[in-house]
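Every chain is numbered from 1, with letters handed out A, B, ... down the list of sequences.
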Amino acid sequence: MEYNFNEIEKKWQAYWAEHKTFKAEIKKDKPKFYVLDMFPYPSGAGLHVGHPLGYIASDIYSRYKRNKGFNVLHPMGYDAYGLPAEQYAIQTGTHPAVTTEKNIARYRQQLDQIGFSFDWDREVRTSDPQYYKWTQWTFIQLFHSYFNNETNKADKIEHLVSKFETEGNTNVNAATSQEEIFTAEDWKAKTEFEQQELLMNYRLAYLANTTVNWCPALGTVLANDEVKEGLSERGGHPVEKRMMKQWLLRITAYSQRLLDGLNTIDWSDSLKETQKNWIGRSEGASVEFEVKGVDEKIEVFTTRPDTLFGATYMVLAPEHELVAQITSEEQKAEVEEYVTWAKNRSERERMSEVKTVSGKFTGGYGINPLTGQEIPIWVADYVLMGYGTGAIMAVPAHDTRDFAFAKHFELPIIQVVSQEGEEPTDPATWEDSYDSKDGISINSGFLTGMKTKKAIKAAIHKMKEMGIGEGTINYRLRDAIFSRQRYWGEPFPVYYKDGMPQTLNEDQLPLELPEVDKYLPTESGEPPLARATNWKTEEGYQLETNTMPGFAGSSAYYYRYMDPNNQNEYFSKEAVDYWQNVDLYLGGDEHATGHLLYSRFWGMFLFDLGMTVKAEPFQKLINQGKIQGRSSFVYRVNGTNKYVSYGLRKEYQTTRLHVDISFVNNDVLDTEAFKAWRAEYADAEFILEDGKYVCGWEVEKMSKSKYNVQNPDHLIEKYGADTFRLYEMFLGPLESHKPWDTNGIEGVFRFIRKFWRLFHNEQNEFEVSDAEPTKPELKILHQTIKKVADDIERFSFNTTVSQFMICANELTDLKCNKKAILEPLTVLIASYAPHIAEELWQNFGHTESISDAEYPKFVAEHVAENNFSYPVSFNGKMRFKMELPVTMNPKEVEAAVLESPDAEKWLGGKAPKKVIVVPKRIVNIVI
RNA sequence: GCUCAAGUGGUGGAAUUGGUAGACACGUUGGACUUAAAAUCCAAUGAUCAUCGCGAUCGUGCGGGUUCAAGUCCCGCCUUGAGUACCA
């Protein structure tokens, strides 16, 4: 074999490992560059061709930056805690640590054979006590912190306590769920238990009784981002709402900073948009409504205080605390029944019934503070307890949902917004609500005649004056539920003393995950950790039995990589001062609202503690697209065991069946392999076209059940890692989703062998010449130097591969085997195909790794041309080309073109109306 | 429903600032080499028309518009994918 990739690749992988070629160290004289991949969860299935796509791109970028003179940090590790290993443990009794270890070994072996430039000395695993010690440590800091809205950052809870001792909470502006105002005397009068309970309303990590997403099948609660369409993201099990006492992180305190920070980072617009929507900021006003005959006020949130005059009824969420108090005797039974029904529905049921209107009248009345009018109070599940205050004023004329509700229950509708110069019509005749963000107030007392924007301001001003409301900002973002009733996660560094949670001392960390007899909840429904014997502190206090969620360990691993073996602190000041933050982060977009939001929050908190130097952890972020499978199909003639070829299938009644892509080559089925596949196909008969059985195909998700999984191990065995790397990049733009084409890899394999032949004679001996390069040879080299650098910088990896092909084709045509050309070319390709590059580099006589080589300098003269071939268009249509010196000015070009015989033919004797000359681009003649 | 992204040959895709549409590959067809196959090399390959070695017309989802010039910018639609789901 001429190009023995197997031998070459093994040789260089061993070399890199042995010489620790990619070990990153702080080098203050060199600029740093931190390239990070989202670390994988090591699943049992191993990698398929989709997984390494991002790793290859980031590896190319890392190697390129290294050649460009940067000190590159490019680490890898494992997000080792997770549900699959635990589910497997429940079924088989195998400890999740064992499964995880095994899967990691397999991942490592698969990663190694692709030839990545990771610094493996920096590997982290979230399930390693030396790692999760710092996850626990951060939790303790969060517990002892609150968010000061005055300084807009986290502060020590002790500072808050001393304030309470001197002046109570009257002047405290903090992110809190504490509503009640108290004085210093009140504070001092409280028992320690009461004080601790109150502080929970301020802590950034706090314990609270709250509505959670409970997943019975997984036996745990889930965070909002772990629930997709009412089902658990992992496993797709139904999720329901439940009240439970849980740990939460007060991420909502950072809502505004999380929003503002988006303007400072280089992420895709769509990802920023997703985060913006998830944070969901809306400006509006809170308004108090008095309740007739009850000494309570209902606070509502509205974005349209200008429509207050159109509020004809109010709605409380079924869970609203005032429902029982407001409900009249006559309505009591009905309302109670409704509330019970609404509370007991699963999320999925609730969502599928979005279009059906339901609700009950409570019998109570609220008083419109501006009109003094009594309006009925309803309870309905279209109002959510989780947003705003869980109560609304309904303006049916101008809100779609209120309109539908009012129509259904025949409640009055009053129009209060109109368009300028438009006559108001009778709302009773409307088909839809009039949702105008931009109009003129009508029927609205002092607001009448004002434009919406002004009316909103005026309404807020008036309400403030009356002391019934004020302008407020609401966020959709909810605090993150941080407890999981699972085994395989970080234990909380928390114990309970007299019913109140206390944190362990930092010197007691890590609190290691205990052994349990079964990975299931106890008989009494407590989490698995309750099974651990003596799960108590030395003093005998009960330790927390919940564990932390998946995002705990992944929220700051990027900082730990900077100093992964530090025994004394999370990471040293020196390390973080040098490495700062991640310059380039690559990963899937499924983490848009989970990991990427929690990480930013976690990073901001560490920044507030003064531990880091950048508020945003990931400066540039790229989401690589998914690689889809290309499924193949056979067409079985119904009721027979005959299979008809794709082109003839219309002549029969057929059923389309997936067939394993390993039996299919260029859409032609290996019928013998197919017959051998399964017993039921052993006697299969085929109706062929042109002597072949042609399969149909479709692009689908890559999955086992569709028999379209491409295994990287097989491809690397067949073509080598360098070809595999090049082909993954050649498939298309990094960020777009694209199908894996089984056939295309052959073309890249052809290219790499062609490339190899440039350096070798017919006996496959390395042979390059010392001759001076010619102008065309220098031209293609320098074009390539420029194109490759430009394309890598803009993450256009597919076009770089094309350029390598163009370059190799051209040098082959020129029969160029000159060292002066091929040696720099080797450096250019080193980031994409590192093994072959190292081998050739060594043959040139180098003793150092090519990763230390300098990226070749681009010399513009080499690509400069004396002439430019002008495309000449007539009325925008290209008709002919004309070669002219680049030194000609537009006037001269125009003259030269008009004089040419070609132009004469197209002009047909007429004088051109206008001639446009763009130097070195185009000539356009208008006739 | 709302938000975002994307629609270019038989296929993956290229065209970076409005300036030669289809680079580079795959596939297909024909040819060379070979006992044969593989490998390799050469040629053709958007569609239609053509007195097919001159050429012409059409062509980047659809319909308009701006411009000397539009795949690229603007307006309206269609389709696909993703996210979100009563957010007041």
Mind calculating the distance between CH2 (A:Trp756) and P (B:U40) to the nearest angstrom?
16 Å
Does a side-chain N or O from A:Lys914 land closer than 4.0 Å to OP1 or OP2 of B:C68, or not?
yes
Reading nucleotides 12-18 of chain B from the 5' end, what letters show protein touch, with B for base, S for backbone sugar-phosphate only, - for no heavy atom under 4.0 Å?
BSSSB--
In whole Å, I'd like the distance from the CD1 atom of A:Ile916 to the P atom of B:A69.
8 Å
Among B:A23, B:C26, B:G19, which nucleotide sits nearest the side chain of A:Arg750?
B:C26
P gap between B:C74 and B:A25, integer Å:
34 Å
Given A:Lys787, which partner from the list A:Asp791, A:Ile785, A:Asp790 fulfils the side chain to side chain contact (heavy atoms under 4.5 Å, CB included) test?
A:Asp791
From the candidates B:U20, B:U3, B:A88, the one with an atom nearest any side-chain atom of A:Leu384 is B:A88
Whole Å only: how far is the OH atom of A:Tyr3 from the P atom of B:U40?
14 Å
Face-on cation placement of A:Arg753 at A:Phe749 ring, 6.0 Å and 45° thresholds:
yes
Is the number of heavy atoms from other residues, nucleotides or ligands under 6.0 Å of A:Lys297 NZ greater than 12?
no
Near-ring test A:Phe405/A:Phe403, centroid separation under 6.0 angstrom
no
Phosphate contact (B:C58 OP1 or OP2) by A:Lys877 side-chain N/O below 4.0 Å:
yes
Between B:G59 and B:G53, how far apart are the P atoms? Round to whole Å, please.
26 Å
Less than 3.5 Å apart, any donor N or O on the side chain of A:Glu700 or A:Ser631 sitting next to an acceptor on the other?
yes
Do A:Lys786 and A:Phe858 form a cation-pi contact, if we require the NZ or CZ to be under 6.0 Å from the six-membered ring centre and within 45 degrees of the ring's axis?
yes
Check whether any side-chain nitrogen or oxygen of A:Arg757 sits under 4.0 Å from OP1 or OP2 of B:A39, and answer yes or no.
no
Between B:U60 and B:A21, how far apart are the P atoms? Round to whole Å, please.
12 Å
Verify the distance criterion only: is there a donor paired with an acceptor across the side chains of A:Arg630 and A:Gln710 at less than 3.5 Å?
no
What interatomic distance, in whole Å, is found between C1' of B:U8 and the corresponding atom of B:A15?
10 Å
On RNA chain B, check which nucleotide each of A:Trp278 and A:Gly388 is closest to and give me the residue with the more 5' one.
A:Trp278
All stems that RNA chain B takes part in, i.e. 3 or more consecutive Watson-Crick or G-U pairs with distances under 3.5 Å, are B:1-7 with B:78-84, B:10-12 with B:24-26, B:27-32 with B:40-45, B:46-49 with B:55-58, B:61-65 with B:73-77
Selected nucleotide, minimal atom distance to A:Val918 side chain, candidates B:G19, B:A88, B:C24:
B:G19
Would you please indicate yes or no on a ring centroid separation below 6.0 angstrom for A:Phe5 and A:Tyr719?
no
Just to be sure I understand the rule, does A:Val915 reach a base, reach only the sugar-phosphate, or reach nothing, if contact means heavy atoms closer than 4.0 Å?
nothing
State whether A:Arg753 places a side-chain N or O below 4.0 Å from either non-bridging phosphate oxygen (OP1 or OP2) of B:U40.
yes
Just call it for A:Arg281: base, sugar-phosphate, or nothing, with non-hydrogen atoms closer than 4.0 Å on any strand.
nothing
Of the nucleotides B:C86, B:C68, B:A88, which has the atom closest to the A:Asp381 side chain?
B:C86
Please give, in whole Å, the distance from B:U84 P to A:Lys276 NZ?
18 Å
Identify whether any heavy atom of A:Ser268 sits under 4.0 Å from a base atom; if not, whether one sits that close to sugar-phosphate; answer base, sugar-phosphate or nothing.
nothing
Rounded P spacing from B:A32 to B:A23 in Å:
27 Å
Does B:G55 count as syn, meaning its glycosidic angle lies within 90° of 0, or as anti?
anti
Electrostatic pair A:Lys881-A:Glu883, nearest N-O below 4.0 angstrom:
no
Send over the distance from A:Lys701 NZ to B:U80 P, rounded to a whole Å.
21 Å
What is the distance, rounded to the nearest whole Å, between atom OH of A:Tyr387 and atom C1' of B:U84?
14 Å
Round to the nearest Å and state the distance from A:Arg630 atom CZ to B:G27 atom C1'.
10 Å
How about A:Asn708 and A:Trp740: does a side-chain donor come under 3.5 Å of a side-chain acceptor?
no
With P as the reference atom in both, quote the distance from B:G13 to B:C87 in angstrom, rounded to an integer.
37 Å
Residue-phosphate contact under 4.0 Å: A:Ser282 side-chain N/O, B:A88 OP1/OP2:
yes
Donor-acceptor side-chain pairing of A:Thr252 and A:Asp479 below 3.5 angstrom
yes
Using the P atom in both, what is the distance from B:A44 to B:U34, to the nearest Å?
24 Å
Modelled atom types, side-chain donor and acceptor of A:Thr800 and A:Tyr64, under 3.5 Å:
no
Select from A:Tyr475 and A:Thr593 the residue whose nearest nucleotide in RNA chain B is closer to the 5' end of that strand.
A:Thr593
Taking the same atom, P, in B:U11 and in B:G46, what whole-Å distance lies between them?
13 Å
Is A:Asn809 close enough to B:A25 that one of its side-chain N or O atoms is under 4.0 Å from OP1 or OP2 there?
yes
Using whole Å, what does the distance between atom C1' of nucleotide B:A88 and atom CD of A:Glu283 come to?
15 Å
Taking B:C68, B:A88, B:C24 as options, the one with an atom nearest any side-chain atom of A:Ile806 is B:C24
